[in-house]
Amino acid sequence: MSEQSKDVCDPNSAAEASNSEVHSSLGVPGGLSPPASQAATLAGPESPPLGPTDAPLASPPPQAPSEEGDPKALQQAAEEGRAHQAPSAAQPSPAPPAPAQLVQKAHELMWYVLVKDQKRMIIWFPDMVKDVIGSYKKWCRSILRRTSLILARVFGLHLRLTSLHTMEFSLVKALEPEELDRVALSNRMPMTGLLLMILSLIYVKGRGARESAVWNVLRILGLRPWKKHSTFGDVRKLITEEFVQQNYLKYQRVPHVEPPEYEFFWGSRASREITKMQIMEFLARVFKKDPQAWPSRYREALEEARALREADPTAHCPRSSVSED
Amino acid sequence: MEEGRAERRRRTEAPSHPQGGTGRAGVMTDVHRRFLQLLMTHGVLEEWDVRHLQKHCYRVHDRTATMEALEDFINNINSVLESLYIEIKKGATEDDGRPVYALVNLATTSISKMASDFAENELDLFRKALELIIDSETGFASSTNILNLVDQLKGKKMRKKEAEQVLQKFVQNKWLIEKEGEFTLHSRAILEMEQYIRETYPDAVKICNICHSLLIQGQSCETCGIRMHLPCTAKYFQSSPEPRCPHCNDYWPHEIPEVFDPEKEREAGTSRASKRSLRSRQH
């Protein structure tokens, strides 16, 4: 077990190595799990990626290091090499690849992480290894470190290990002040408006919102569960599946109710990314009322804002980005 | 964020050197970084939104600075991105010439961006639709023709009903545009996949005679067969009373569209945007 953990890329220390270079603290919840269990979990998805997904980010065959730098040649090798991948466990330790290869891999990983984040998908470490790093697993620490550096310098983003337990990374904005920039362009982002509408409804109710209540609200906007919408498409699928997958909403069966009914709750991602004050501002804007028209909710929002300020005194108070038009 | 003040100062003041890059590296400040973040988040943006975004980034990070002209701003960023094989690419919608921008990866030569979103059979459906679109005369592939290829897809078997929904998914994710039951490429797809398309279909691909970029929709000369984008013809023939083919000089038989005017767009846009954004998106 311990030999395996030496070979296998340890996401925690890799993340630490990358993060220490950009001076941010590692958000590791609780203690570190022993290396043996990490190795065990990593051993699972280690088997060579079959099933072509056509991602050119598959690993090149071990002979690849002879090709220098040219990304297109590497691409072709990857496309061909995908068909006959050697099982990584059986290899003797290969010669270290040319630095250009590692730089190339770092760039691929950077793009991979950016795209995953753009699609609001989970950045899962085993996926990173399978889809991008591939046979360069032994050097994934340095690849990860380089990628983090680039992301910090060019994009102002931290590649942070958010959960050691699930081996999830996320891209966190490293710039101040922290604002919900997506909402800043909300007049062009109908999805956010739709989501905020539902989150606000749940928030105002103070508990889960029944699906029927949500549709009552959406009906006002001309959205029906059975009608396809020109922008949203299948609205029901969007709110019950996609928003749920992205952890913005939770969609659960109401217990002990027949016939079955479902209700919506805030998802973990919504709780992380959206503050109660932003919801109040959104409500104020949509209903053209003062946020204090919802007094108990407003009080809660103030409480949360105070707690956030106390937790991180260096963070600038989020401006009302919701009102940006 | 738990960064030292020194680190923050260093990042906003000192120019950063791109990884392994030399040459004229632009100065990367938090204004540029936020711009890149948000451009990436949105995938593809129209020029009006991009200007708005630029203004927003200056407002957030550097109120006192004079805002650079958009073109210089983007060129500056691109000079830093060059060594990473990515760039902010500018294109235009093929039907009415609206400028659009997207952050694209120059190194990948396949449909990698879509790969993580879609299953194998879905990706293959897109590839089939793409081929039909490229081979077509009009740049459009009919829904019927695409769905008839459902049996030839790699991966799990897909029914036609399912395929219809997958096509809708492509439309929502801005890879395809649908018009009256026919599909063509969204400007985002053209921006992101131009390289891939030119390399994968070198014989079938059509090129605009004016701008020399990939052409999906456009007008063609009936005599010599050269093609031009609609916005390219608009610009080229703008002040010609008698439009003639630039290649064979024969009379150009098609109606010349109007040049896209961002001013007119903004006037139309502000009256819409002043209403509640959600309610204005009903149909």
Side-chain angles (χ1 to χ4, degrees), chain A residues 23-25 51-57 71-72 75 79 103 106-108 110-111 114-119 121 131 146 149-150 153-158 172-179 181-182 184-190 193-194 197 221-222 228 230-234 286 314-315 324-325, chain B residues 1-4 7-8 11 16-20 28 30 32-34 36-38 40-43 45-46 49 52-53 56 60-61 80-81 83-86 103 105-113 115-117 120 123 154-155 165 168-169 171-172 199 273-274 276-279 281-283:
Chain A
H23 301 288
S24 69
S25 66
T53 57
D54 245 359
L57 311 170
K72 289 206 175 70
Q75 234 42 73
E79 303 284 340
V103 171
H107 294 164
E108 284 175 20
M110 170 203 73
W111 188 249
L114 284 171
V115 171
K116 283 274 186 192
D117 184 68
Q118 182 195 69
K119 296 178 198 288
M121 292 171 77
D131 295 335
R146 194 183 296 267
L149 265 173
I150 299 173
R153 281 195 187 148
V154 178
F155 287 84
L157 294 168
H158 277 326
V172 177
K173 289 200 170 84
L175 304 177
E176 290 183 25
E178 289 226 357
E179 291 178 31
D181 292 293
R182 283 186 198 131
L185 290 176
S186 65
N187 61 331
R188 304 276 168 178
M189 277 275 296
L194 177 61
M197 205 65 179
L221 308 173
K228 282 232 187 322
S230 55
T231 311
F232 299 119
D234 185 339
V286 169
T314 60
E324 280 234 357
D325 237 313
Chain B
M1 296 279 104
E2 304 94 42
E3 292 161 324
E7 170 72 20
R8 234 179 292 139
R11 273 198 285 115
S16 82
H17 289 286
Q19 284 283 329
M28 203 74 184
D30 281 354
H32 302 98
R33 290 188 190 103
R34 184 169 287 262
L36 266 182
Q37 279 176 20
L38 292 173
M40 188 69 202
T41 302
H42 288 88
L45 281 177
E46 289 194 22
D49 288 314
H52 183 99
L53 183 61
H56 168 78
V60 167
H61 285 290
V80 173
L81 300 182
S83 58
L84 307 175
Y85 298 112
I86 61 179
L103 187 60
N105 188 336
L106 301 173
T108 55
T109 57
S110 94
I111 327 181
S112 62
K113 200 162 201 184
S116 45
D117 249 359
E120 186 190 355
L123 272 182
K154 292 186 210 160
Q165 287 173 4
Q168 285 311 313
K169 208 158 85 158
V171 171
Q172 274 150 50
E199 289 176 18
S274 60
R276 281 296 114 226
S277 58
L278 284 177
R279 286 173 206 154
R281 287 195 177 279
Q282 289 205 22
H283 312 289

If you take all heavy atoms of Gln118(A) and Thr41(B), which pair is closest and at what distance?
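Closest pair (atom of Gln118(A), atom of Thr41(B), distance): CG-O, 3.7 Å.
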Provide the closest heavy-atom pair for Arg33(B) versus Arg153(A) in the form atom of the first, atom of the second, distance.
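That would be NE-O, 2.6 Å.
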Let me confirm one number: the [atom1]-[atom2] distance from [X] to [Y], rounded to the nearest 0.5 Å.
| X | Y | atom1 | atom2 | result |
| --- | --- | --- | --- | --- |
| Leu106(B) | His107(A) | CG | NE2 | 12.0 Å |
| Phe155(A) | Leu81(B) | CZ | CG | 6.0 Å |
| Leu114(A) | Leu103(B) | CG | CG | 7.5 Å |

Is the closest side-chain heavy-atom distance between Trp111(A) and Met40(B) below 4.5 Å?
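Of all side-chain heavy-atom pairs linking Met40(B) with Trp111(A), at least one is under 4.5 Å.
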Walk me through it: do Val154(A) and His32(B) pass the test side chain to side chain contact (heavy atoms under 4.5 Å, CB included)?
CA-CA 8 Å; Val154(A) 178; His32(B) 302 98; over 6 Å; no
With sequence neighbours excluded, tell me which residues meet side-chain hydrogen bond (donor to acceptor under 3.5 Å, both in side chains) with Gln165(B).
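Once residues adjacent in sequence are excluded, Gln165(B) has no partner under the side-chain hydrogen bond (donor to acceptor under 3.5 Å, both in side chains) criterion.
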